[in-house]
Amino acid sequence: MTRSSVRHTIFKTRWGHFGLALNADALCRTLLPIGDREQARTALLAHPDLADLDVPFEKDLARTLQQHVVAYFEGENPDFSTDPPVDLARRGFFARQTLAACRQIPFGQTRSYSQLADEAGRPGAARAVGTAMAQNPIPLIVPCHRVVRADGALGGFSALGGTTTKQRLLRHEQDLGRNSTS
DNA sequence: CAGCACTAATTCA
DNA sequence: TGAATTAGTGCTG
């Protein structure tokens, strides 16, 4: 594994500082916005996947993606569904299927864990979908915040900020959807 | 083999 | 009715 080619960047968005880590050209981690640049760097690199590696900072890394993420928090709707290839090599087959299915959920919409299990070809595996989402290394780009419980409850969220962040992201998208309808 | 970001059915106020 | 509990569930470490 060419572990030495992993690089990262941190940039400012309307919600705070956002982190990206790429292995060659494939996105391997994202970090949801957090207060300051140094916090973001620490949180991003603290993950076990990256902990023992040298992951140099590169300001213009994945420049286009950076712009899209900034745009997202400005209230636009960039398409993350295909653009950056994603490094899921270390995930299991099922997790890759569900994360791929999750990535197709359109902006402003939600699915339940069981619906996603169906779409991934594993009906009944709702609980396992939860596990897969919990391991999602790239929140936002794979919009795991759009996966909620079948009974209407929020469900969990283990990325930065917990369920509070999940709710905030969903409301952010729903507010925008209201603007464009009518 | 135990533990989950779940769910549908059942049981209690 | 509606909230709380209970089996049942498929995958992962």
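Note on naming: letters A, B, ... go to the chains in the order of the sequence lines (proteins, then strands), and numbering restarts at 1 for each one.
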**Request:** Output yes when D79(A) and R103(A) qualify as a salt bridge under the 4.0 Å nitrogen-oxygen rule, no when they do not.
**Result:**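 R103(A) and D79(A): not salt-bridged.
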Tell me what [X] touches on the nucleic acid: a base, only sugar-phosphate, or nothing, going by heavy atoms under 4.0 Å.
X       : answer
S158(A) : base
F94(A)  : sugar-phosphate
A128(A) : base
A95(A)  : sugar-phosphate
A134(A) : base

Check every atom of [options] against the side chain of [X] and return the nucleotide holding the closest atom.
X       : options                 : result
S112(A) : dG10(C), dT7(B), dA5(B) : dT7(B)
R122(A) : dA5(B), dT7(B), dC11(C) : dC11(C)
T131(A) : dC4(B), dT7(B), dA5(B)  : dC4(B)
A125(A) : dG10(C), dA8(B), dA5(B) : dG10(C)

For a quick test of your reading: what N or O donor-acceptor pairs under 3.5 Å do the side chains of residues 125-145 of chain A make, sequence neighbours left out?
from, atom 1, to, atom 2, distance (Å)
T131(A), OG1, R127(A), O, 3.3
N136(A), OD1, I138(A), N, 3.0
N136(A), ND2, V142(A), O, 3.1
H145(A), NE2, E173(A), OE2, 2.9

**Prompt:** If only atom types and distance count, is the side chain of T163(A) paired as donor or acceptor with the main-chain N or O of K166(A) below 3.5 Å?
**Reply:**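 Such a contact is absent between T163(A) side chain and K166(A) backbone.
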**Message:** Ring-plane angle category for F57(A) and H8(A), please: parallel below 30°, perpendicular beyond 60°, tilted otherwise.
**Reply:** perpendicular
**Prompt:** For the residue pair F80(A) and Y72(A), does the interplanar ring angle fall in the parallel (under 30°), tilted (30 to 60°) or perpendicular (over 60°) class?
**Reply:**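 Aromatic pair F80(A)/Y72(A) classed tilted.
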Distance, rounded to the nearest Å, where [X] contributes [atom1] and [N] contributes [atom2]:
X       : N       : atom1 : atom2 : answer
N136(A) : dA5(B)  : CG    : P     : 14 Å
R96(A)  : dC11(C) : CZ    : C1'   : 14 Å
L116(A) : dG10(C) : CG    : C1'   : 14 Å
L169(A) : dA5(B)  : CG    : P     : 19 Å
Q115(A) : dA8(B)  : CD    : P     : 10 Å
L88(A)  : dT12(C) : CG    : P     : 13 Å
R91(A)  : dC11(C) : CZ    : C1'   : 15 Å
Y113(A) : dA8(B)  : OH    : P     : 14 Å

**Request:** Report yes if a side-chain nitrogen or oxygen of R127(A) is closer than 4.0 Å to either non-bridging phosphate oxygen (OP1 or OP2) of dC11(C); otherwise report no.
**Result:**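 For R127(A), the contact criterion (side-chain N or O under 4.0 Å from OP1 or OP2 of dC11(C)) is not met.
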**Request:** For dC6(B), take OP1 and OP2 only and decide whether either is under 4.0 Å from a side-chain N or O of R149(A).
**Result:** yes
**Request:** Flag yes if V86(A) and L20(A) sit in one hydrophobic cluster, no otherwise; membership is Ile, Leu, Val, Met, Phe, Trp, Tyr, and two members link when side-chain heavy atoms are under 4.5 Å apart.
**Result:**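 Same hydrophobic cluster.
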**Message:** Show the nearest heavy-atom pair for residues K12(A) and V70(A), with the distance to one decimal.
**Reply:**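 Closest approach of K12(A) to V70(A): O-CG2, 3.8 Å.
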**Over all atoms of both residues, closest heavy-atom pair of L32(A) and L160(A)** = O-CD2, 3.3 Å
**Message:** Stem finding on DNA chain C, please: runs of three or more consecutive Watson-Crick or G-U wobble pairs, both distances under 3.5 Å, sorted by first number.
**Reply:** B:1-4 with C:10-13, B:6-13 with C:1-8
